[in-house]
Number of protein chains: 2
Amino acid sequence: MRKQRQGASDAGLSKQRVVIEAIRLADCEGVDGLSMRRLAGALGAGAMSLYYYVANKEELLDAMIDVVFEEIELPPEGTDWQSAMRRRAVSARQVLARHPWAIGLMESRTSPGPANLRHREAVTACLRRAGFPVLMATHANWLLDSYVYGFALQEASLPFDTADELANMTEDVFLPQLPPDEFPYLNESAAALVAAGCDPAEEFIFGLDLILAALDPLRASA
Amino acid sequence: MRKQRQGASDAGLSKQRVVIEAIRLADCEGVDGLSMRRLAGALGAGAMSLYYYVANKEELLDAMIDVVFEEIELPPEGTDWQSAMRRRAVSARQVLARHPWAIGLMESRTSPGPANLRHREAVTACLRRAGFPVLMATHANWLLDSYVYGFALQEASLPFDTADELANMTEDVFLPQLPPDEFPYLNESAAALVAAGCDPAEEFIFGLDLILAALDPLRASA
DNA sequence: TTGACTATCGTACAGCGTACGAGCATAGTA
DNA sequence: TACTATGCTCGTACGCTGTACGATAGTCAA
């Protein structure tokens with residue numbers, strides 16, 4: 001049967017609905033707050049019902065990660081390669097900032113899902129068409145992905161979200177931990193950072209454009 | 001009393017011994033295999049004894065991360081800035097490859113430990129002394145750390161360790177998942193990668209040197 | 001009517017982090 | 001010597017986790 005269940009937002013379970021709700025829960029409560037029982041509860045179902053759609057929690061996490069990859073824009077065709085790669089990298093950062101738990105999950109999950117593969121194919125295609133030799137495209141791929149993931153990881157571990165919070169935290173929490181004679185340079189940096197404000201999106205672009213510019217001459221011309 | 005306990009390798013507990021053994025366990029069994037009970041067992045102690053040295057598991061994980069940072073070489077003084085940064089980045093990659101669980105833990109732990117702070121101070125000092133203006137040094141720091149962490153993250157999620165395993169896995173696992181008409185570029189890359197071999201250490205150096213070279217002209221000369 | 005198949009879930013179990021408090025050895029004090 | 005304080009260890013118990021197993025009920029074909 002496919003009619004009313006007693007839960008609130010209901011229209012029958014499905015793997016998709018389970019995974020989407022799991023992502024919503026992880027976004028709200030963090031990945032540690034995601035348990036099969038809580039997830040089932042949010043879906044108005046019994047805990048064990050989930051196992052009809054998902055073999056175990058590992059598979060659920062894999063599926064969640066792949067949905068995250070689906071959210072990332074593919075590099076658009078029809079522009080120069082740098083614009084295309086910038087576009088997809090910026091999108092990736094945004095998506096990973098929206099789902100901070102995803103980055104921490106990647107270490108433990110080793111087999112890429114279909115969306116992940118499609119993404120990699122599109123990126124590699126873009127680089128190859130731009131004139132990068134095969135192995136150079138691989139290098140570029142590693143380099144760009146490292147930057148994107150690493151940036152997302154650092155951003156996820158920042159304890160603040162806005163420039164204001166940064167200023168407050170710096171004054172109240174960081175500086176007291178940093179005796180100026182032991183950490184003169186960190187004090188200097190903190191002060192400069194508060195004065196200048198700090199937008200992760202801009203910070204991201206700085207490194208990204210630097211990498212893209214440095215990669216450009218490595219194409220086999222065209 | 002400070003004499004014999006019934007456990008095997010014993011000479012009294014201490015926070016240091018607890019943390020070190022926790023790292024050993026996480027290295028061997030993965031961070032999921034690290035439970036307070038198992039850790040206590042490995043130390044020949046009762047589970048609750050650990051809580052005399054550690055407020056809770058979170059604090060234990062924080063301490064483990066900080067020990068990992070202690071293992072990373074500081075940028076040596078007395079060489080040019082690029083050599084110094086290369087040295088510490090290579091060391092960081094090695095250490096994170098040795099403790100793959102660490103990278104996945106960083107997302108959730110927001111307050112840096114003392115070894116982490118000392119490390120950041122040393123890196124910032126190196127950049128400032130090399131002539132980078134304050135904000136440029138911050139940019140360089142973000143960029144380099146992003147690359148290091150992101151590379152470590154990708155490396156940790158590789159399901160193989162050696163070039164041989166790569167070749168085997170490619171043939172047996174990856175290529176069957178990659179129909180050539182849907183993934184022509186990934187097939188091409190996989191083939192080239194198997195033919196060329198693939199050493200993560202070399203791969204790492206490629207991107208690292210590219211970044212260092214691109215950063216060099218951003219110093220306020222000297 | 002029968003049986004297979006799809007979907008849901010209750011119960012139970014082993015293992016988790018840890019609150020609470022009891023227990024013991026030693027050091028200091030009277 | 002007796003008493004107390006302190007440092008350290010740990011047994012028990014509670015509420016949580018993932019999930020194995022089996023029961024249940026609705027649907028459809030024969």
Side-chain angles (χ1 to χ4, degrees), chain A residues 1-26 28-65 101 104-105 107-109, chain B residues 1-26 28-65 101 104-105 107-109:
Chain A
M1 68 84 156
R2 198 161 283 290
K3 335 243 152 121
Q4 81 285 347
R5 305 217 26 66
Q6 80 283 11
S9 59
D10 249 315
L13 256 43
S14 73
K15 175 153 183 179
Q16 160 142 290
R17 236 167 77 74
V18 168
V19 174
I20 297 293
E21 184 64 26
I23 291 177
R24 220 188 48 73
L25 241 167
C28 292
E29 325 251 7
V31 76
D32 287 342
L34 173 67
S35 80
M36 300 302 270
R37 278 176 244 255
R38 298 240 283 134
L39 175 55
L43 289 162
M48 292 312 291
S49 303
L50 303 181
Y51 288 90
Y52 185 78
Y53 301 97
V54 160
N56 47 43
K57 195 176 183 181
E58 292 284 289
E59 193 188 293
L60 173 63
L61 295 175
D62 282 338
M64 290 167 66
I65 294 259
W101 44 268
L105 243 46
E107 173 252 322
S108 42
R109 240 93 333 279
Chain B
M1 70 79 159
R2 194 158 286 290
K3 328 223 151 153
Q4 82 284 344
R5 304 217 27 65
Q6 81 282 14
S9 61
D10 249 315
L13 257 41
S14 73
K15 175 153 184 179
Q16 160 143 293
R17 234 166 78 73
V18 168
V19 174
I20 297 293
E21 184 63 26
I23 291 178
R24 219 188 48 74
L25 241 169
C28 292
E29 324 251 7
V31 75
D32 287 343
L34 173 67
S35 78
M36 299 304 271
R37 279 175 242 255
R38 298 241 283 136
L39 175 55
L43 288 161
M48 291 312 292
S49 303
L50 304 181
Y51 288 90
Y52 185 77
Y53 300 97
V54 160
N56 46 45
K57 194 176 184 182
E58 291 284 289
E59 192 187 293
L60 173 62
L61 295 175
D62 282 337
M64 291 167 67
I65 294 260
W101 45 267
L105 242 47
E107 173 253 320
S108 42
R109 266 63 335 280

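For the numbers below, each heavy atom of this structure counts, side chains included, while hydrogens, waters and symmetry mates do not. So you know, we letter chains A, B, ... as the sequences are listed, proteins then strands, and number each from 1.
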Looking at Ser49(B), I'd like to know whether one of its side-chain N or O atoms comes within less than 4.0 Å of OP1 or OP2 on dC10(D).
yes
Rounded to the nearest 0.5 Å, what separation is found between the CD1 atom of Ile65(A) and the CD1 atom of Ile23(A)?
9.0 Å
Contacts table for residues 36-45 of chain A: side-chain donor-acceptor under 3.5 angstrom, sequence neighbours left out:
{"residue": "Arg38(A)", "atom": "NE", "partner": "Gly33(A)", "partner atom": "O", "Å": "3.3"}
{"residue": "Arg38(A)", "atom": "NH2", "partner": "Glu29(A)", "partner atom": "OE1", "Å": "3.2"}
{"residue": "Arg38(A)", "atom": "NH2", "partner": "Gly33(A)", "partner atom": "O", "Å": "3.4"}

For dT9(D), does either OP1 or OP2 sit under 4.0 Å from a side-chain N or O belonging to Tyr52(B)?
no
How does protein reach along nucleotides 12-20 of chain C, written 5' to 3' as B (base within reach of a heavy atom under 4.0 Å), S (only sugar-phosphate), or - (no contact)?
B---BBBBB
Could you give the CG-to-P distance, from Leu43(A) to dC9(C), as a whole number of Å?
10 Å
Would you list the pairs meeting salt bridge (Lys or Arg N to Asp or Glu O under 4.0 Å) in which at least one residue belongs to residues 42-59 of chain B, sequence neighbours left out?
Lys15(B)-Glu59(B), Glu58(B)-Arg109(B)
Rounded to the nearest Å, what distance is computed from the CG atom of residue Leu39(B) to the P atom of nucleotide dC10(D)?
13 Å
For Tyr51(B) and Asn56(B), which heavy atoms make the closest approach, and how far apart are they?
CE2-CA, 3.8 Å
Determine, step by step, whether Tyr52(A) and Leu13(A) satisfy the side-chain contact (heavy atoms from CB on, under 4.5 Å) criterion, reporting the C-alpha distance in whole Å, the side-chain angles of both residues, the deciding distance to 0.1 Å, and the verdict.
CA-CA 10 Å; Tyr52(A) 185 78; Leu13(A) 256 43; over 6 Å; no
What is the separation between atom CG on Leu50(A) and atom C1' on dG10(C), rounded to the nearest whole Å?
14 Å
Would you give the length of the straight line joining atom CE of Met64(B) to atom CD of Glu21(B), rounded to the nearest 0.5 angstrom?
10.5 Å
